[in-house]
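Worksheet: the structure to be examined is printed underneath.
Hydrogens, waters and symmetry mates play no part in the numbers below; they use all other heavy atoms, side chains included.
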Amino acid sequence: RFMTDRMREEIKKDAGVIIDRSIAAVLPDEAVRRTLTGRDFGDGRVVLAAAGKAAWQMANTAYEVMGERIESGVVITKYGHAKGPIGRFRVFEAGHPVPDEGSYVATQAALGMVEDLTEKDTVIFLLSGGGSALFESPLISPKSLTLLTEELLKCGADITEINTIRKRLSRVKGGRFALACSPAKVLSVVLSDIIGDPLDMIASGPAYPDRSTCKEAMAIAAKYHLTITAEMELYLSQETPKELSNVETYVNGSVRSLVRAAADAAASLGYQPTILTDCLDCEAREAGRFLAAVARTHTDTSRSLAFIAGGETIVHLTGTGRGGRNQEIALAGGIGITGLTHTAIFSVGSDGTDGPTDAAGGYVDGETFEVDGAVVTIAEAKAALMNNDAYPLLKKAGGLIITGPTGTNVNDVSVVLIKR
């Protein structure tokens with residue numbers, strides 16, 4: 001064996017430290033606390049709505065700061081992401097990445113809560129990634145929305161294209177939730193999960209003016225040959241709100257913070273870190289191949305190196321397997337670094353989930369697929385990649401990263417480690 005078991009364990013342990021410290025650095029607690037502490041809400045009512053994968057964490061911090069000053073609250077997060085009751089808030093769990101009946105019931109509760117508010121009142125709106133599916137009241141039939149969402153997720157469209165379509169088919173997206181709150185003020189605290197922090201696209205922008213157009217929406221539908229019914233076309237051809245006068249917005253985290261934290265953690269472990277990008281947005285398997293190419297270029301180094309990329313890749317589903325974009329990055333990267341000494345690649349979603357699986361991502365090293373006694377062969381790895389079936393293969397190889405729900409959501413981080 002060309003790499004000792006001890007060295008393999010050390011590199012994997014380093015990866016775990018980098019993951020833990022990176023995610024800890026982008027938890028929304030402190031930013032929510034900073035936004036709300038000492039703020040004067042006057043003598044009006046204060047209510048809270050929170051939606052997204054980080055909704056429970058954000059709402060819990062808001063309650064710690066303001067307590068019973070918040071009259072009522074509705075918290076909507078992904079199944080398995082709620083960590084218990086929060087005061088007298090109503091906590092819901094719902095479907096992601098495809099909305100379900102839980103999404104519709106919870107969103108209706110939020111809409112009911114903001115009815116009849118006055119200009120003296122304030123809605124604290126805590127928003128994070130995943131809100132597009134979790135926070136939904138469709139203008140079209142739920143069945144039609146489910147079919148369209150599944151089609152969008154499979155066609156290879158990026159998140160801004162997907163949300164340009166989705167916001168036009170909803171009563172709460174594209175600034176419409178802020179209109180529903182009017183004349184009350186909306187204090188919006190946003191945890192960004194989209195590269196560049198476009199506020200009208202994060203969770204489809206329920207409380208932000210929409211900068212996309214119906215013409216763009218129809219062009220996206222045509223580009224991906226989406227099945228658009230007459231009912232959908234009616235709403236896709238209508239513009240969403242372009243101005244909102246009752247909203248104050250704060251962005252409290254992004255992928256930039258995630259990759260900087262990963263670099264700091266790697267440096268503390270003795271690696272020389274290089275941030276390659278915080279705007280990674282290509283096909284997942286191509287990202288994995290790129291990271292493997294970076295590893296091969298630097299394999300003759302005499303010092304430990306870490307190369308870090310952040311962003312959100314896409315998977316164009318052509319197979320029938322199970323996995324997620326981060327697992328696919330790891331799988332493709334592992335194929336590319338097979339045979340390299342003291343080298344590993346891992347990729348993880350900051351929210352703790354990757355695709356429709358319980359894994360946050362995947363980890364591989366130069367021995368995962370092609371040495372004597374390897375659990376998984378290189379041929380099996382390539383076949384799994386072709387079938388979008390990374391999860392069972394990485395599970396067999398011991399390469400799944402399991403964190404559980406983290407309480408944050410600011411895209412993904414992918415890392416190459418070369419230890420010397």
Side-chain angles (χ1 to χ4, degrees), residues 1-25 259 261-276 288-289 291-309 326-349 352 354 358-382 384 390-404 406 412-420:
R1 297 173 69 88
F2 61 84
M3 185 159 58
T4 66
D5 289 341
R6 180 179 178 182
M7 180 63 83
R8 291 188 78 187
E9 290 171 2
E10 287 181 358
I11 298 174
K12 195 167 187 178
K13 182 179 179 181
D14 289 346
V17 171
I18 292 169
I19 291 167
D20 289 345
R21 293 185 183 176
S22 300
I23 290 173
V259 296
D264 290 344
S268 74
L269 295 169
Y271 295 89
Q272 178 180 308
T274 299
I275 296 176
L276 299 171
R289 290 172 180 143
L291 293 173
V294 170
R296 292 197 302 271
T297 295
H298 295 276
T299 193
D300 293 331
T301 181
S302 60
R303 63 180 304 175
S304 297
L305 303 175
F307 297 92
I308 300 154
N326 290 288
Q327 294 162 63
E328 196 146 305
I329 287 173
L331 178 54
I335 293 169
I337 63 171
T338 294
L340 296 189
T341 305
H342 304 165
T343 302
I345 291 176
F346 64 91
S347 189
V348 63
D354 186 38
D358 60 354
Y363 174 95
V364 293
D365 63 31
E367 289 190 50
T368 299
F369 300 137
E370 187 85 327
V371 294
D372 291 340
V375 176
V376 177
T377 68
I378 197 79
E380 289 174 318
K382 290 179 178 178
Y391 182 92
L393 184 131
L394 289 172
K395 183 177 182 179
K396 183 179 179 182
L400 289 177
I401 298 172
I402 308 288
T403 65
T406 64
D412 310 328
V413 62
S414 306
V415 180
V416 178
L417 294 181
I418 304 174
K419 193 173 181 71
R420 297 292 184 259

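- Exactly one residue among Val259, Ile329, Leu276, Ile308 makes a side chain to side chain contact (heavy atoms under 4.5 Å, CB included) with Ser414. That residue is Ile329.
- Ala261 approaches Ala25 most closely through the heavy-atom pair CB-CB, 3.5 Å.
- The minimum heavy-atom distance linking Thr403 with Ala360 is given by the pair OG1-CB, 3.7 Å.
- Side chain of Asn326 to backbone of Asp354: no donor-acceptor contact under 3.5 angstrom is found.
- How far CG of Asp14 is from OG of Ser268: 9.0 Å, rounded to the nearest 0.5 Å.
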> Going through the distances and angles, do Leu269 and Ile18 end up as a side chain to side chain contact (heavy atoms under 4.5 Å, CB included)?
Replying inline: CA-CA 9 Å; Leu269 295 169; Ile18 292 169; 3.9 Å; yes
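- The shortest non-hydrogen separation linking Ser347 to Ile401 is O-CD1, 4.0 Å.
- Two residues are said to be in side-chain contact when any heavy atoms from C-beta on lie closer than 4.5 Å; Leu394 and Val364 meet this criterion.
- Formation of a donor-acceptor pair under 3.5 Å by the Thr343 side chain with backbone atoms of Thr341 is found in this model.
- Checked options Arg8, Lys12, His342; the residue passing with Asp365 is Arg8 (criterion: side-chain hydrogen bond (donor to acceptor under 3.5 Å, both in side chains)).
- The main-chain N or O of Arg420 is found under 3.5 Å from a side-chain atom of Ser304 such that the two form a donor-acceptor pair.
- Between Ala266 and Ala306 the shortest heavy-atom distance is CB-CB, 3.8 Å.
- Of the options Ile345, Val416, Thr368, Thr299, a side chain to side chain contact (heavy atoms under 4.5 Å, CB included) to Ile337 is made by Ile345 and by none of the others.
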> Can you list the steps and then say if Tyr363 with Ile11 is a side chain to side chain contact (heavy atoms under 4.5 Å, CB included)?
Replying inline: CA-CA 11 Å; Tyr363 174 95; Ile11 298 174; 3.4 Å; yes
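- Checked for salt-bridge contact, Lys13 and Glu9 miss the test: no charged N lies under 4.0 Å from a carboxylate O.
- Put simply, the side chain of Arg289 does not reach to within 4.5 Å of the side chain of Ile335, judged on heavy atoms.
- Pairing each heavy atom of Asp412 with each of Gly349, the nearest pair is OD1-CA, 3.3 Å.
- Results of the side chain to side chain contact (heavy atoms under 4.5 Å, CB included) test with Arg303 over Gln272, His298, Lys419 single out Gln272 as the only residue that passes.
- Here CD1 of Ile418 is found 11.5 Å from CZ of Arg296. Values are rounded to the nearest 0.5 Å.
- Here the side chains of Leu331 and Gln327 are not in contact, with every heavy-atom distance at 4.5 Å or above.
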